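In the text below, chain A, chain B and the rest are named by the order of the sequence lines, each starting its count at 1. Treat the numbers as computed from the prediction; the structure is a model and nothing was measured.
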Protein chains: 2
Amino acid sequence: MPVTRRDVAKLAGTSPAVVSYVLNGGPRGVAPETRERVLAAIEELGYRPNRIAASLRRNRTMTIGLVVPDNTNPYFAELAHAVEDAAFDAGYTLLLGNAGSDVKRETSYVRTFLDSRVDGLVLIPSGEVVASAGELAESGTPWVVLDRLVDHVDGVAGQLVSDNRHGGRLATEHLLWHGRTRIGCITGPGHVANFNERVLGWRDALGGNGRDATAAALRETEISRFAARDAARDLLQATPGIDGVFAVTDEQALGVLRALMELGLRCPDDVALVSFDGIDASSLTTPGLSTVGQSIRELATSGVSVLLDAIERDDDAPAERAADPARPLVFPVHLTPRGSCGCPDVFESATRRDTGGRR
Amino acid sequence: MPVTRRDVAKLAGTSPAVVSYVLNGGPRGVAPETRERVLAAIEELGYRPNRIAASLRRNRTMTIGLVVPDNTNPYFAELAHAVEDAAFDAGYTLLLGNAGSDVKRETSYVRTFLDSRVDGLVLIPSGEVVASAGELAESGTPWVVLDRLVDHVDGVAGQLVSDNRHGGRLATEHLLWHGRTRIGCITGPGHVANFNERVLGWRDALGGNGRDATAAALRETEISRFAARDAARDLLQATPGIDGVFAVTDEQALGVLRALMELGLRCPDDVALVSFDGIDASSLTTPGLSTVGQSIRELATSGVSVLLDAIERDDDAPAERAADPARPLVFPVHLTPRGSCGCPDVFESATRRDTGGRR
DNA sequence: TTGTATGCGTTATCAC
DNA sequence: GTGATAACGCATACAA
């Protein structure tokens with residue numbers, strides 16, 4: 001037998017409506033003396049408002065959905081955590097779904113979240129297109145695409161990505177600067193634009209320096225350190241002269257590191273390595289991972305911010321639209337040199353980290 | 001203007017109730033001919049049922065809440081992923097909250113989830129007690145405690161943990177077996193029972209072998225590879241003779257690995273290392289991490305299972321109770337020797353992994 | 001200032 | 001087998 005507004009009202013000797021007014025601070029005032037009685041009654045009964053009922057009435061759930069390929073991947077984990085933080089700060093609750101590179105499951109989650117009437121949706125696409133774009137548009141629920149650029153996203157409120165191509169170039173140029181001449185590349189699935197962009201950056205850098213980036217020096221694998229380890233072994237053995245590797249994700253770089261060890265090659269002495277993402281873990285491998293860091297927290301925070309703006313706007317004037325939401329917001333990346341490329345390996349202590357850390 | 005059951009009913013020339021019956025497959029039958037018209041109308045209008053309204057009516061949301069200390073920690077990430085999988089399979093949606101070792105925030109999330117009328121709650125406690133146990137009990141919402149044992153949890157439907165003490169002993173005995181004689185320990189915050197248990201296991205093993213485990217060989221840090229790196233440096237420098245280290249979490253072991261490198265010590269040659277958890281990442285460090293593996297997936301799956309049972313039971317007979325839910329379910333652990341303890345480092349290839357992997 | 005009444009979209013209990 | 005109708009808990013417009 002749950003305690004409801006009726007019970008509170010009865011105990012306070014007033015009406016349920018008044019209880020609402022004191023709880024919501026409006027839209028009407030309530031006599032100080034009545035308010036006291038109401039608060040006392042709430043306290044006494046341990047009354048807790050039912051968000052479900054409020055959601056139904058207000059047509060607003062104060063929840064947002066987050067669909068992520070795999071929260072087990074450190075990069076997505078950091079992204080998800082930052083999204084959750086931003087949502088929490090704004091008073092929203094997060095519904096989480098792992099799509100697991102399975103477009104079917106991604107669609108299923110989007111549908112479930114829409115049925116749950118989330119106020120907005122943050123989507124990190126698993127495939128090259130968002131299969132649910134149609135349903136999303138039809139539902140009128142605002143949504144943003146995070147981290148990965150996709151086509152055919154008409155109704156989207158915003159797309160937020162890092163400057164992948166530039167990052168790929170930065171990484172490769174840095175390897176060249178270290179005097180490396182034969183630079184291989186470990187990349188992710190070809191249907192993900194991010195990775196193709198990073199590979200383009202790799203080609204940009206090599207081309208600009210008079211070297212050609214042949215397919216021979218490229219391996220495509222899943223975004224998994226295990227798959228990357230196998231690919232790196234294959235690459236290193238098939239192309240003996242390689243003295244540098246650009247891995248398009250930190251996760252894969254961990255596998256490359258392992259492959260080097262297994263083959264008896266030293267990093268960076270024999271093979272220098274630069275990767276991409278800038279996850280926390282990259283600073284504490286052996287050696288430290290030189291990486292092109294993304295502004296993970298900013299990406300997530302801005303994504304939620306864009307989403308909440310769209311939700312607000314939707315509430316006021318359903319017709320209005322943000323300025324060209326189809327044009328992606330591109331976030332800058334920055335090279336963080338550490339040991340794996342041949343730069344001095346900076347020892348970042350935990351205490352220094354904690355003071356200078358996030359927020 | 002959302003399309004509702006009324007619209008479907010009108011188009012199909014029937015009543016909203018009938019639409020419910022065809023959608024829910026009960027509790028009453030419906031004439032095949034009517035059912036066809038209803039389905040056609042649903043299709044035509046692109047009707048999607050409103051879960052919020054259904055939840056309010058049914059007093060059942062088909063959601064469960066998960067409160068986790070930090071989904072960025074690989075161990076919790078794997079746990080969370082497994083919980084999500086189990087929930088998904090059972091048709092439940094997951095609400096996620098990061099408490100971040102902040103009991104205040106944990107309480108806040110529990111409250112929010114209760115207000116959202118989750119059907120059940122999975123809690124990985126951040127503190128030594130569950131501050132919200134009272135509210136939980138009062139609400140009557142079933143909940144389980146995962147991974148960490150805590151006191152004063154009267155209303156809990158179940159507690160699921162690994163055999164921490166035994167694991168600590170396993171790890172340490174293995175180091176002894178390798179001929180290591182001075183074995184230090186890096187542990188986590190003293191208010192977490194898990195870590196204390198693992199430390200007890202460490203003492204057990206040392207005591208049983210006639211060696212004494214002095215406080216000098218112990219360092220307590222946060223569960224962070226960064227903090228652990230600092231602590232390990234301190235430990236290794238303050239106690240020169242150390243030839244083995246037991247780290248109570250894989251996460252911390254990563255920091256120990258780094259500390260060893262920085263001090264010019266080789267692992268396992270100079271210092272052998274065994275840790276605890278068995279996260280995916282442990283198999284691909286350099287060297288591979290010897291670790292006492294938990295059955296992460298089973299822990300999560302059983303946790304959800306216990307929770308769902310309690311939900312079912314609650315639905316049928318609110319009074320009934322499971323058999324002594326206060327007694328924790330203890331899961332076995334298993335030693336996975338790899339390179340860091342001195343065992344041969346098995347190279348687990350991605351392909352072999354994928355076939356033998358989860359599910 | 002306060003109480004009353006209606007509706008949000010569903011589900012389930014009614015008579016028919 | 002079917003259609004009307006009440007209720008879930010809350011928010012607010014409206015009458016008092």
Residues that B:Tyr47 engages under side chain to side chain contact (heavy atoms under 4.5 Å, CB included), provided they are two or more places apart
B:Val3, B:Arg5, B:Val8, B:Leu23, B:Ile42, B:Pro49

Does the A:Ser302 side chain pair with the main chain of A:Leu299, one donor and one acceptor, at a distance under 3.5 Å?
no

Does a side-chain N or O from B:Thr4 land closer than 4.0 Å to OP1 or OP2 of C:dG9, or not?
no

When you measure from the side chain of A:Thr14, which nucleotide among C:dT10, D:dC10, C:dG3 comes out closest?
C:dG3

Hey, is A:Arg48 close enough to A:Glu43 for a salt bridge, meaning N to O under 4.0 Å?
no

Atom CG of A:Leu56 to atom C1' of C:dT10: distance rounded to whole Å?
8 Å

Would you mind reading off the distance between B:Arg57 atom CZ and D:dA7 atom C1', rounded to a whole angstrom?
5 Å

May I ask you to say what A:Thr34 touches in the nucleic acid, namely base, sugar-phosphate or nothing, with a heavy-atom cut-off under 4.0 Å?
sugar-phosphate

A:Asn59 atom CG is separated from D:dT12 atom P, nearest whole Å, by 12 Å

Can you list every pair that meets ring pair (Phe, Tyr, Trp, His ring centres under 6.0 Å) and has a residue in residues 85-108 of chain B, with sequence neighbours left out?
A:Tyr109-B:Phe88

Select one nucleotide: of D:dT12, D:dG9, C:dT10, the one nearest the side-chain heavy atoms of A:Tyr21.
D:dT12

My understanding is that only residues two or more places apart in sequence, or in another chain, count here; which of them pass side chain to side chain contact (heavy atoms under 4.5 Å, CB included) with B:Thr112?
A:Arg51, A:Thr93, B:Ser108, B:Ser116

B:Leu66 side chain near B:Leu95 side chain, heavy-atom distance below 4.5 Å
no

Specify the residue among B:Arg6 and B:Arg117 whose closest nucleotide of DNA chain D lies further upstream toward the 5′ end.
B:Arg6

Measure CZ/B:Arg60 against P/D:dA7 and give the value in whole Å, please.
24 Å

Within residues 37-54 of chain A, those residues having any heavy atom closer than 4.0 Å to DNA chain C are none

Has A:Arg5 got a side-chain N or O lying under 4.0 Å from the OP1 or OP2 atom of D:dG9?
no

For the backbone of B:Thr4 and the side chain of B:Asp7, can you confirm whether one donor and one acceptor N or O come within less than 3.5 Å of each other?
yes

The helix from C:dG3-D:dC14 to C:dC16-D:dG1: angle between end helix axes, five pairs per end, rounded to 10 degrees
50°

What pairs of residues pass the salt bridge (Lys or Arg N to Asp or Glu O under 4.0 Å) test when at least one of them lies in residues 124-146 of chain B, not counting sequence neighbours?
B:Arg111-B:Glu135

Quick one: A:Arg58 CZ to D:dA13 C1', roughly how many Å, whole number?
15 Å

Which atoms form the tightest heavy-atom contact between B:Val103 and B:Gly127, and what is the distance?
CG2-CA, 4.2 Å

